Protein chains: 2
Amino acid sequence: MASIDDVARAAGVSTATVSRALRNLPNVQPATRVRVLSVAAELGYVPSPHAATLASGRTRTVGVLTPGIARWFFGEVVDGAEHALRGLGFDVLLYALGSPRTDGPRPPVDPNVLRRRVDGTLVVGLPLEAAEVSSLVGLGVPLAFVGSGPSGQVTHRIDDVAAGALATRHLLGLGHRAVGHVTGARDPLSVWSPAAGRREGWRRALAEAGVDGPPTWVVDDAEFDLAGGRAAAHRLLAARPELTAVFAASDELAMGVVLAARDRGLRVPDDLSVVGVDGHPHGELVGLTTVSQDAFSQGHDAAVGLLGMVVGERAPESVTYPTRLVVRESTSAPRADRGPRR
Amino acid sequence: MASIDDVARAAGVSTATVSRALRNLPNVQPATRVRVLSVAAELGYVPSPHAATLASGRTRTVGVLTPGIARWFFGEVVDGAEHALRGLGFDVLLYALGSPRTDGPRPPVDPNVLRRRVDGTLVVGLPLEAAEVSSLVGLGVPLAFVGSGPSGQVTHRIDDVAAGALATRHLLGLGHRAVGHVTGARDPLSVWSPAAGRREGWRRALAEAGVDGPPTWVVDDAEFDLAGGRAAAHRLLAARPELTAVFAASDELAMGVVLAARDRGLRVPDDLSVVGVDGHPHGELVGLTTVSQDAFSQGHDAAVGLLGMVVGERAPESVTYPTRLVVRESTSAPRADRGPRR
DNA sequence: CTGAAAGCGCTTACAG
DNA sequence: CTGAAAGCGCTTACAG
């Protein structure tokens with residue numbers, strides 16, 4: 001494999017000049033640059049990224065930490081980040097922590113796997129403990145969060161409290177009063193996790209409407225997928241048959257709620273209204289009403305912002321993305337005999 | 001940041017000994033090893049992977065090439081591969097080629113992005129041109145394919161012809177004769193792409209049953225997602241109202257077909273039976289009959305096999321994974337007035 | 001605008 | 001079992 005020495009020799013210049021010419025640095029005479037470029041092409045020279053990293057300290061690589069990519073939101077975000085990063089000449093090192101196939105709590109994030117390996121770190125939808133955040137900060141490279149993030153860190157996300165309130169107010173506006181909630185909490189449910197925010201939005205909207213939703217209207221230990229939502233909804237609906245509506249913390253959970261309702265012989269929306277969050281394209285399969293967000297853009301923009309920090313720009317502001325209530329067929333007024341008492 | 005020199009000095013040994021002790025190589029006295037280990041821990045020493053790569057030529061990194069991770073099959077495979085690789089101490093460099101957000105043909109794979117960067121390459125569901133395959137082979141590192149792959153290369157996949165035939169025979173067995181097909185062909189539809197195999201299976205099953213399905217029973221330019229399947233099915237059903245069943249090349253396409261049927265006022269399965277391939281968990285939302293496969297395992301096993309090649313084992317055999325017909329509610333016998341004429 | 005040379009932080013024959 | 005030293009392939013002050 002041709003090395004920079006081969007190119008230098010063939011072009012009759014020093015390796016320093018080859019290095020400058022190839023990286024488009026100033027201080028190379030146009031004619032020299034052209035010669036170097038053509039010799040390099042001729043020899044099929046491809047610089048060794050590892051040698052460049054060792055010499056410069058820069059890796060041109062970003063670490064993407066995520067619980068997994070099989071969930072819709074994570075997949076979209078990682079996809080968006082990957083395209084932004086690739087487009088700007090950066091590699092992406094994927095760390096899918098917390099296997100969807102293993103049970104038990106996720107082991108703490110070990111920052112050493114990233115040490116000396118990345119120029120920046122993007123944390124996607126992984127609610128981290130404070131200690132984990134500081135260990136990541138301790139890496140000394142820029143850090144950005146998508147989907148959730150502690151205050152003081154650059155974060156790209158929607159307003160989860162507002163999203164939860166928007167979904168719940170929609171149900172209240174239709175006349176529902178007994179509105180349950182299905183959510184997940186396998187990761188530490190820190191104050192800045194999406195689940196915590198959406199739950200808080202639900203609680204506030206109920207309180208505003210004068211509804212005193214008891215804690216038993218919530219099931220909060222669901223896996224964040226279809227099967228998890230289904231199982232959780234079964235427990236919730238069995239325990240609280242008075243519920244006429246359920247707000248689920250994600251569309252995947254919400255679709256599971258719809259399946260559980262069907263399992264139990266309940267019609268959606270006649271017997272049970274269901275709302276989710278995400279705008280998952282499959283929501284349409286069950287006419288799911290949802291609060292939608294643009295996950296791809298969050299990943300894309302976060303990656304671009306992170307690279308800005310890598311090249312020395314000051315940290316950008318955190319960004320809050322818009323959400324939109326998409327009303328489909330999974331929500332309606334409660335049946336007359338199940339509506340609010342007067 | 002502590003370097004190997006710091007550790008050597010503090011432990012009173014040479015860097016060679018530190019290197020050996022830390023990597024568990026032989027020829028280190030137990031007492032020395034213990035001392036080195038404890039000094040390294042004390043100093044918080046983390047070896048530089050780039051220096052190690054430069055010195056050894058090994059990267060402990062695998063490149064994963066895929067069209068994107070948002071599609072169910074790719075997401076599962078990449079997830080499976082990531083966990084196997086991570087578990088064996090390898091990093092994964094993700095290359096999501098062919099953005100789902102851009103149109104037009106995907107640019108050819110440039111092997112140079114991988115040169116000197118990976119110890120092995122895993123190609124996930126990316127039908128490559130012969131020239132692209134040879135350029136990847138030319139990298140000189142082990143290569144494996146998941147989901148599709150040219151003969152002569154190590155491939156982990158299902159038997160797509162058999163899968164297509166299985167789905168189609170199920171429909172024929174129910175009494176259908178006019179069985180359409182929805183598939184995609186944005187990538188070069190080489191002979192070893194999944195789409196080509198499934199289509200061939202469909203064709204053969206029809207031929208076996210003595211049905212001479214005209215080319216107009218196929219729409220083959222769908223995007224491989226819900227919206228793509230829906231749009232394709234609209235065109236197919238408008239042009240060929242005599243169809244009583246559709247075999248779609250993936251569950252995501254099939255779910256789109258179900259939506260299109262609903263759009264057109266057709267009941268599934270009474271007016272139209274629909275079968276897909278994958279075993280997507282969301283298929284249950286519409287009671288989708290499908291030919292299921294285990295994508296996570298394909299990714300996992302392919303990664304393990306690839307690492308075997310990396311450490312010098314001879315190339316494993318290609319593996320064909322089982323599929324299973326899962327009958328749900330989207331298929332039934334055709335209505336009497338639409339069944340086969342006698 | 002260009003080059004000689006040091007240095008990035010490891011691994012690996014080789015010698016002992 | 002251990003160490004001295006070369007070498008992996010670049011980048012980057014520094015000097016000219």
Side-chain angles (χ1 to χ4, degrees), chain A residues 1-37 39-40 43-61 89 91 112 115-119 140-141 311-312, chain B residues 1-37 39-40 43-61 89 91 112 115-119 140-141 311-312:
Chain A
M1 228 171 318
S3 79
I4 198 172
D5 285 294
D6 301 323
V7 178
R9 210 169 302 126
V13 296
S14 70
T15 60
T17 297
V18 174
S19 179
R20 292 188 196 104
L22 259 28
R23 287 181 299 145
N24 261 311
L25 296 186
N27 294 330
V28 179
Q29 203 160 260
T32 309
R33 192 185 300 277
V34 168
R35 185 151 35 90
V36 169
L37 257 37
V39 168
L43 264 43
Y45 170 65
V46 179
S48 157
H50 298 102
T53 291
L54 193 56
S56 70
R58 280 173 254 109
T59 64
R60 291 198 76 79
T61 300
D91 276 338
N112 288 333
R115 178 151 282 152
R116 302 180 195 257
R117 212 169 294 234
V118 299
D119 287 342
V141 297
V311 301
Chain B
M1 225 168 321
S3 79
I4 197 172
D5 285 294
D6 301 324
V7 178
R9 210 170 304 126
V13 296
S14 70
T15 60
T17 296
V18 173
S19 179
R20 290 187 197 105
L22 257 29
R23 288 181 299 143
N24 261 310
L25 294 186
N27 293 332
V28 180
Q29 203 161 262
T32 310
R33 192 186 300 276
V34 168
R35 184 151 37 92
V36 169
L37 257 37
V39 168
L43 264 42
Y45 170 64
V46 180
S48 158
H50 297 101
T53 291
L54 193 55
S56 70
R58 279 173 255 109
T59 65
R60 292 198 73 82
T61 300
D91 276 336
N112 288 334
R115 177 151 283 150
R116 302 179 193 257
R117 212 169 295 234
V118 298
D119 288 342
V141 297
V311 301

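All chains are named by letter (A, B, ...) in the order of the sequence lines, taking the proteins before the strands, and each is independently numbered beginning at 1. On a predicted model such as this, the values are computed, not experimentally measured, just so you know.
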With the side chain of [X] defined as its heavy atoms from C-beta on, choose the nearest nucleotide among [options].
| X | options | value |
| --- | --- | --- |
| A51(B) | dC10(C), dT2(C), dT11(C) | dC10(C) |
| T17(B) | dG9(C), dG3(C), dT2(D) | dT2(D) |
| A52(A) | dT12(C), dT2(D), dT11(D) | dT11(D) |
| V13(A) | dC10(C), dG3(C), dT2(D) | dG3(C) |
| S3(B) | dG9(C), dT12(C), dC1(C) | dG9(C) |
| Q29(B) | dA4(D), dC10(D), dT2(D) | dT2(D) |
| R116(A) | dC8(C), dC10(C), dT12(D) | dC10(C) |
| I4(B) | dT2(C), dT11(C), dC10(D) | dT11(C) |

Just checking R20(A): base, sugar-phosphate only, or nothing, at a heavy-atom cut-off of under 4.0 Å?
->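 The answer is base, as R20(A) lies within the cut-off (heavy atoms under 4.0 Å) of a base atom.
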Using a heavy-atom cut-off of under 4.0 Å over every strand shown, decide if R58(B) touches base, sugar-phosphate, or nothing.
->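 Contact class for R58(B): sugar-phosphate only.
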Output the rounded distance in Å from [atom1] ([X]) to [atom2] ([N]).
| X | N | atom1 | atom2 | value |
| --- | --- | --- | --- | --- |
| R60(B) | dC10(C) | CZ | P | 16 Å |
| R117(B) | dC8(D) | CZ | P | 20 Å |
| D5(A) | dC10(D) | CG | P | 8 Å |
| N27(B) | dT11(C) | CG | P | 16 Å |
| R115(B) | dC8(D) | CZ | C1' | 18 Å |
| L25(B) | dT12(C) | CG | C1' | 10 Å |
| L22(A) | dT11(D) | CG | C1' | 13 Å |
| L54(A) | dC10(D) | CG | C1' | 8 Å |

Is the phosphate of [N], meaning OP1 or OP2, less than 4.0 Å from a side-chain N or O of [X]?
| X | N | value |
| --- | --- | --- |
| R35(A) | dC1(C) | no |
| T32(B) | dT2(D) | yes |
| R23(A) | dC10(D) | no |
| S14(B) | dG3(D) | yes |

Spell out, as yes or no, whether a donor-acceptor pair under 3.5 Å connects the side chain of [X] to the backbone of [Y].
| X | Y | value |
| --- | --- | --- |
| R33(A) | A21(A) | yes |
| R115(B) | S48(A) | no |
| T61(A) | D91(A) | no |
| T17(A) | V13(A) | no |
| T32(B) | P30(B) | no |

Taking atom OG of S56(B) and atom NE2 of H50(A), what is their separation to the nearest 0.5 Å?
->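 These two atoms lie 9.0 Å from each other.
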Base partner of dG3(C), which must satisfy Watson-Crick or wobble distances under 3.5 Å =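 The answer is dC14(D), by the H-bond criterion.
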